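Working notes, structure below.
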Amino acid sequence: MLLSRQLRSSGFAAATNRRRCARTSVVVMAMAPNKHQFQLMVNSCTGKMGQAVAEAALRANIDLVPYTLCAPFDVEDKTHVTVQGVKLELVPPSIRDTAIMEIKARYPNLIMVDYTLPDAIHDMVDFYVRHNTPFVMGTTGGDRARILSEVQAAKTYAVIAPNMGKQIVAFQAMMDMMAKSFPGAFSGYKLRVVESHQSTKKDTSGTAKAVVQSFVEMGVKFDVSQIELVRQPTEQMEVMKVPESALNGHAYHTYQLVSADGTVMFEFQHNVIGRTTYAEGTVDASLFLAQQIAAKSEKTLYNMIDVLRAGAMR
Ligand SMILES: NC(=O)C1=CN([C@@H]2O[C@H](COP(=O)(O)OP(=O)(O)OC[C@H]3O[C@@H](n4cnc5c(N)ncnc54)[C@H](OP(=O)(O)O)[C@@H]3O)[C@@H](O)[C@H]2O)C=CC1
Ligand SMILES: O=C(O)C1=N[C@H](C(=O)O)C[C@H](O)C1
């Protein structure tokens, strides 16, 4: 099956017979019967998280839509990305507004997953809102307040969170509860936050920024610009003790609080190697969102603490 003639004439699918055959077989493979009532389109599958989430979706026997929104690219160079043997056709920004119409017609219970980049986040949110397409967004960065208010105002179903790992979400919830129950508990304490990620990560950890917000509510004076970023492989191995095998995929966070007189110290740490925990959490979020849509829930915008509280994380 091909996208519409309109897309083909735009140059999107100036396809060879070989590509047509490949795509037909993808549709058959991806649409094998399963117990879920929605279809998942994982965007940016050329990226690390996109790829990991698509793999997790296949493990969960979710229908994976054989398309993936991607960054601009040269049509001659690459047209597909493969996930566990399943070929997904790349849909660049130039034709995605047209492509989405046909994709939605073919996959009526569509949910999208977004793990693009901080630079693209507002553009992606605008896209999902414009097409009223439910989405799970793990992408960090951007103006978070603006994103939440736009998605809320549009009533587009979404789960948006800077961290999808079950136990890290629980840790965030715990910090949030502590801040609400004991505001000012750490007043006068000095906070140091150090985070290490693969050197390709462009922005400051979105998780660290969210956790810092709870410490600020507990009375700590701290600005997110004070978060220390470690991106150099040598420092990651020698100082942070990141295994060499995890240099291209890890997320180490340490939050240290020291009392004004230096006699009391607290340290919280979450260190993750690889991306499985985030990918599995993203699948949980998509299953949860599908349930909310099916139930026509009044509430449309969720974060991962909502998903955890609903008992929807495996
Ligand atoms: N919430 C969570 O639990 C987690 C969040 N993250 C966040 O997810 C994001 C992505 O991380 P990661 O996968 O490691 O990054 P990568 O750099 O590996 O992937 C980014 C992807 O975004 C694509 N992209 C860039 N611009 C666009 C665009 N305009 N439209 C569509 N796709 C685009 C890139 O395409 P191309 O390759 O062609 O440039 C690439 O496929 C980051 O913000 C990161 O912090 C990461 C892990 C967990
Ligand atoms: O880019 C990453 O890798 C990660 N990004 C998220 C963040 O910025 O908090 C979550 C996790 O730290 C991994």
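A quick note: this is a predicted structure, and the numbers were derived from the prediction, not measured. The first residue of the sequence shown is numbered 1, and numbering continues consecutively from there. Ligands are counted one by one from 1 in listed order, and the atoms in each one are counted from 1 as well.
- The pair R130-D97 meets the salt-bridge criterion, with a side-chain N (NZ, NE, NH1 or NH2) lying under 4.0 Å from an Asp/Glu carboxylate O.
- Minimum heavy-atom separation, A158 to V151: CB-CG1, 3.8 Å.
- A side-chain donor from one of Y67 and R106 sits under 3.5 Å from a side-chain acceptor of the other.
- The residues E280 and R59 are annotated as salt-bridged, a charged nitrogen and a carboxylate oxygen being separated by less than 4.0 angstrom.
- With hydrogens and angles ignored, the 3.5 Å screen pairs no side-chain donor or acceptor of K296 with any backbone N or O of I293.
- Residue A161 touches ligand 1 through its backbone alone, judged by heavy-atom distances below 4.0 Å.
- Separation of the F266 and F186 ring centroids falls under the 6.0 Å cut-off.
- By the 3.5 Å distance cut-off applied to N or O atoms, M49 is counted among the residues near ligand 1.
- Within 4.0 Å of ligand 2, protein heavy atoms come from T140, P162, N163, H197, Q198, K201, S205, G206, T207, A251, H253, Y278.
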Do M112 and L69 pass the side chain to side chain contact (heavy atoms under 4.5 Å, CB included) test, and can you show the C-alpha distance, the side-chain angles, and the key distance before you say yes or no?
CA-CA 10 Å; M112 289 199 175; L69 301 186; 4.3 Å; yes

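- If you run side-chain hydrogen bond (donor to acceptor under 3.5 Å, both in side chains) between S205 and each of E195, H253, H197, only H253 comes through.
- The minimum heavy-atom distance between M49 and A279, with the atom names listed, is CE-N, 3.9 Å.
- Protein heavy atom in closest approach to atom 43 (O) of ligand 1: T140 OG1, 2.8 Å.
- Residue contacts with ligand 1 leave out D123, since none of its heavy atoms falls under 4.0 Å from the ligand.
- Closest of all the heavy-atom pairs between P92 and P72 is CB-CA, 4.4 Å.
- Proximity of M304 to ligand 1 is not established, as no heavy-atom distance is less than 4.0 Å.
- In this structure, K209 and Q213 have side chains that are not in contact, with every pair of non-hydrogen atoms separated by 4.5 Å or more.
- Residues satisfying the salt bridge (charged side-chain N to carboxylate O under 4.0 Å, His left out) criterion with K48, sequence neighbours excluded, are absent altogether.
- Crowding of K104 atom NZ: a count of heavy atoms from other residues, nucleotides or ligands under 6.0 Å exceeding 12.
- Checked for salt-bridge contact, R96 and D123 meet the test: a charged N lies under 4.0 Å from a carboxylate O.
- Judged by distance alone, the side chain of S199 and the main-chain N or O of Q232 form no donor-acceptor pair under 3.5 Å.
- Closest heavy-atom approach to atom 11 (O) of ligand 1 within the set D114, T282, T116, I168: this belongs to T116.
- Considering K201, H197, K78 only, the shortest heavy-atom separation from atom 45 (O) of ligand 1 involves K201.
- For the residues S205, P118, G281, A71, the heavy atom positioned nearest atom 33 (C) of ligand 1 is part of A71.
- For a threshold of 3.5 Å applied to N or O pairs, the pair formed by M164 and ligand 1 contains at least one separation below that value.
- For atom 29 (N) of ligand 1, the closest heavy atom belonging to the protein is A120 CB, 3.7 Å.
- Among T200, L117, T46, the residue whose heavy atom lies closest to atom 17 (O) of ligand 1 is L117.
- Protein heavy atom closest to atom 4 (C) of ligand 1, with residue, atom name and distance, is Y115 CE2, 3.5 Å.
- Distances between N or O atoms of D203 and those of ligand 1 include no value under 3.5 Å.
- Residue P162 has at least one N or O atom closer than 3.5 Å to an N or O atom of ligand 1.
- Residue G138 has at least one N or O atom closer than 3.5 Å to an N or O atom of ligand 1.
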Before you tell me yes or no, could you show the steps for F268 and L257 under side chain to side chain contact (heavy atoms under 4.5 Å, CB included), namely the whole-Å CA-CA distance, both residues' side-chain angles and the distance that decides it to 0.1 Å?
CA-CA 9 Å; F268 302 92; L257 291 144; 3.8 Å; yes

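- Where the criterion is an N or O separation shorter than 3.5 Å, residue side chain and backbone included, G47 meets it with respect to ligand 1.
- Classification of the F215-Y255 ring pair by plane angle, with boundaries at 30° and 60°, yields tilted.
- Looking from atom 31 (C) of ligand 1 to the surrounding protein, the closest heavy atom is C70 C, 3.2 Å.
- Of the polar atoms of R275, none of the N or O atoms is found under 3.5 Å from an N or O of ligand 1, judged by distance alone.
- The shortest contact between atom 21 (C) of ligand 1 and any protein heavy atom is with S44 CB, 3.6 Å.
- For the pair K48 and ligand 1, the shortest N or O to N or O distance falls below 3.5 Å.
- In terms of polar-atom proximity, R96 is not counted as a contact of ligand 1, lacking any N or O under 3.5 Å from an N or O of the ligand.
- Distances below 4.0 Å separate heavy atoms of M124 from the following atoms of ligand 1: 30 (N).
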